[in-house]
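Numbered from 1 within each chain, the chains take letters A, B, ... in sequence-line order.
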2 protein chains.
Amino acid sequence: MTEIKQTTIETVVDNLMYLHPLISKSFSKQMRAKTNLNPGSLFIMGVLSVYKTLSMSDIGRKLSMPKPHVTVLIDKLIEEKMVERIADLTDRRIINIHITEKGITQFQTIKQEISEEMRQQLQQLTKEQLTTLATATQQVRELLIISFGKPSGCPDTKNQTS
Amino acid sequence: MTEIKQTTIETVVDNLMYLHPLISKSFSKQMRAKTNLNPGSLFIMGVLSVYKTLSMSDIGRKLSMPKPHVTVLIDKLIEEKMVERIADLTDRRIINIHITEKGITQFQTIKQEISEEMRQQLQQLTKEQLTTLATATQQVRELLIISFGKPSGCPDTKNQTS
DNA sequence: CATAATGGTTACAAATATACAACTATTACA
DNA sequence: TGTAATAGTTGTATATTTGTAACCATTATG
């Protein structure tokens with residue numbers, strides 16, 4: 001047996017490492033099937049659907065996405081009228097990205113379609129298990145936001161927090 | 001307000017969609033810094049560290065990874081002596097991939113290094129919150145395995161479950 | 001004012017992941 | 001036996017992501 005007593009943190013890491021591809025798996029097909037947005041754009045829509053307005057750098061920080069990549073994806077989202085650029089009033093370097101009404105609606109629709117597809121899978125769970133899952137995912141979400149939600153620099157040459 | 005009363009499933013989808021980039025973020029840097037393995041290979045090591053032996057197709061199914069991609073990644077892992085190919089005794093088409101002792105040890109080490117890096121972030125949580133997180137991630141993991149852990153075909157032309 | 005730092009863009013290379021097609025070997029089955 | 005289905009490989013094209021560097025505009029700071 002190679003089993004060693006794990007610390008709580010190691011248990012968390014273990015679970016998260018296992019969880020990641022599992023969540024990927026549950027989304028990947030639907031994401032590709034149900035939208036013409038690529039994963040990166042969808043993640044941006046995800047944070048924007050929560051925060052409504054974020055600067056380019058904020059988006060990069062929240063998603064650990066290099067700034068040049070954010071620029072490219074936002075360009076596409078603007079073409080699709082999902083988001084819009086808004087100049088910052090106090091700091092003229094900053095460009096705020098604001099989710100449009102169309103963006104909100106479309107993203108809502110996408111989520112509902114994905115939910116519909118996942119219903120089949122998730123209905124293998126009992127009502128109690130499903131409630132537990134909703135609660136547990138909510139807890140994980142909130143606690144990870146505390147731990148990893150804060151700005152910590154996005155991986156880009158000129159933007160290191162060194 | 002665009003808020004609409006969500007079903008339990010929609011809440012789960014909402015949380016999972018938000019969780020995915022957050023988990024990505026918490027791992028990405030460490031994964032790239034601490035190992036010479038790419039993310040895909042690391043995910044394969046993850047499932048193999050649990051199941052010890054899986055066929056090529058099993059791996060593809062569990063990770064929703066196209067079979068040709070699995071082949072490439074396994075080739076690299078074999079070069080590194082992390083896994084080995086073992087011919088199946090009952091069905092000579094099947095090639096079983098077995099994690100080696102070195103693979104188990106190395107993966108354990110990688111996880112501990114990642115844990116060490118994450119400790120700093122996770123220590124912003126109280127002891128109670130950390131325990132909650134461990135429990136919640138465990139629950140999510142187990143319930144998602146029930147829902148999405150089953151074979152459902154990996155995205156490859158010749159392997160559709162149609 | 002001079003200089004450093006920040007926010008953002010552009011361009012390009014490299015790594016990684018996905019999709020598709022063709023192919024061999026083996027097994028399942030009518 | 002003949003045919004279809006499965007498991008896996010190989011190759012190639014494409015999509016996506018990451019990494020670097022250079023660059024401009026603006027702000028912060030000495």
> Over how many whole Å does the gap from A:I95 atom CD1 to D:dT26 atom C1' extend?
Replying inline: 11 Å

> Closest nucleotide of DNA chain D for A:N36 versus for B:S55: which of these residues is on the 5' side?
Replying inline: B:S55

> Starting at CG of A:L37 and ending at C1' of D:dT16, how long is that distance when rounded to a whole Å?
Replying inline: 14 Å

> Hey, does B:L37 have a side-chain heavy atom less than 4.5 Å from the side chain of B:M82?
Replying inline: yes

> Any chance the side chains of B:T11 and B:D14 put a donor and an acceptor closer than 3.5 Å?
Replying inline: no

> Which residue pairs pass the ring pair (Phe, Tyr, Trp, His ring centres under 6.0 Å) test when at least one of the two sits in residues 77-100 of chain B, sequence neighbours left out?
Replying inline: none

> Quick one: side-chain hydrogen bond (donor to acceptor under 3.5 Å, both in side chains) partners of B:D75, sequence neighbours excluded?
Replying inline: B:R85

> C:dT9 C1' sits how many Å from A:I97 CD1, rounded?
Replying inline: 12 Å

> Could you give all pairs that pass the salt bridge (Lys or Arg N to Asp or Glu O under 4.0 Å) test and reach residues 119-129 of chain B, with sequence neighbours left out?
Replying inline: B:E116-B:R119

> A:D58 CG to C:dG7 P: how many Å, rounded?
Replying inline: 9 Å

>> Can you list everything that forms a side-chain hydrogen bond (donor to acceptor under 3.5 Å, both in side chains) with A:D58? Sequence neighbours excluded, please.
In response: A:S55, A:R61

> From D:dA7, C:dC20, C:dG8, pick the nucleotide closest to the side chain of B:I94?
Replying inline: D:dA7

> B:F27 has an atom CZ; how far is it from atom P of D:dT17, in whole Å?
Replying inline: 19 Å

> Any ring pair (Phe, Tyr, Trp, His ring centres under 6.0 Å) pairs touching residues 32-77 of chain A, not counting sequence neighbours?
Replying inline: A:F43-B:H20

>> I need the CE-C1' distance between A:M56 and D:dC24, as an integer number of Å.
In response: 15 Å

> Can you list the residues that meet the side-chain hydrogen bond (donor to acceptor under 3.5 Å, both in side chains) rule with B:E142, with sequence neighbours excluded?
Replying inline: B:Q138

> Which residues, if any, of residues 69-82 of chain A bring a heavy atom under 4.0 Å of DNA chain D?
Replying inline: A:H69

> At how many degrees, to 10°, do the end axes of the helix from C:dC1-D:dG30 to C:dA30-D:dT1 meet when each uses five pairs?
Replying inline: 30°

>> Nearest to the A:R85 side chain among C:dA21, D:dT16, C:dT9, which nucleotide is it?
In response: C:dT9

>> The side chain of A:P68 is closest to which nucleotide in this list: C:dT16, C:dA11, D:dA7?
In response: C:dA11

> Which pairs pass salt bridge (Lys or Arg N to Asp or Glu O under 4.0 Å) with one or both residues in residues 36-45 of chain B, sequence neighbours excluded?
Replying inline: none

> Rounded to the nearest Å, what distance is computed from the NZ atom of residue B:K67 to the P atom of nucleotide D:dA7?
Replying inline: 7 Å

>> If I take atom NE2 in residue B:H20 and atom P in nucleotide D:dT17, what distance separates them, rounded to the nearest angstrom?
In response: 11 Å

>> More than 12 heavy atoms of other residues, nucleotides or ligands under 6.0 Å from NZ of A:K102: yes or no?
In response: yes

> Which residue pairs satisfy the salt bridge (Lys or Arg N to Asp or Glu O under 4.0 Å) criterion with at least one member in residues 87-97 of chain B, sequence neighbours excluded?
Replying inline: B:D91-B:R93

> When you check every protein heavy atom under 4.0 Å of nucleotides 25-30 of chain C, what one-letter string (B, S, -) results, 5' to 3'?
Replying inline: BBS---

>> C:dG8, OP1 or OP2 - any side-chain N/O from A:S57 closer than 4.0 Å?
In response: yes

>> Suppose we screen for salt bridge (Lys or Arg N to Asp or Glu O under 4.0 Å). Which residues come up paired with A:E10, at least two apart in sequence or across chains?
In response: none

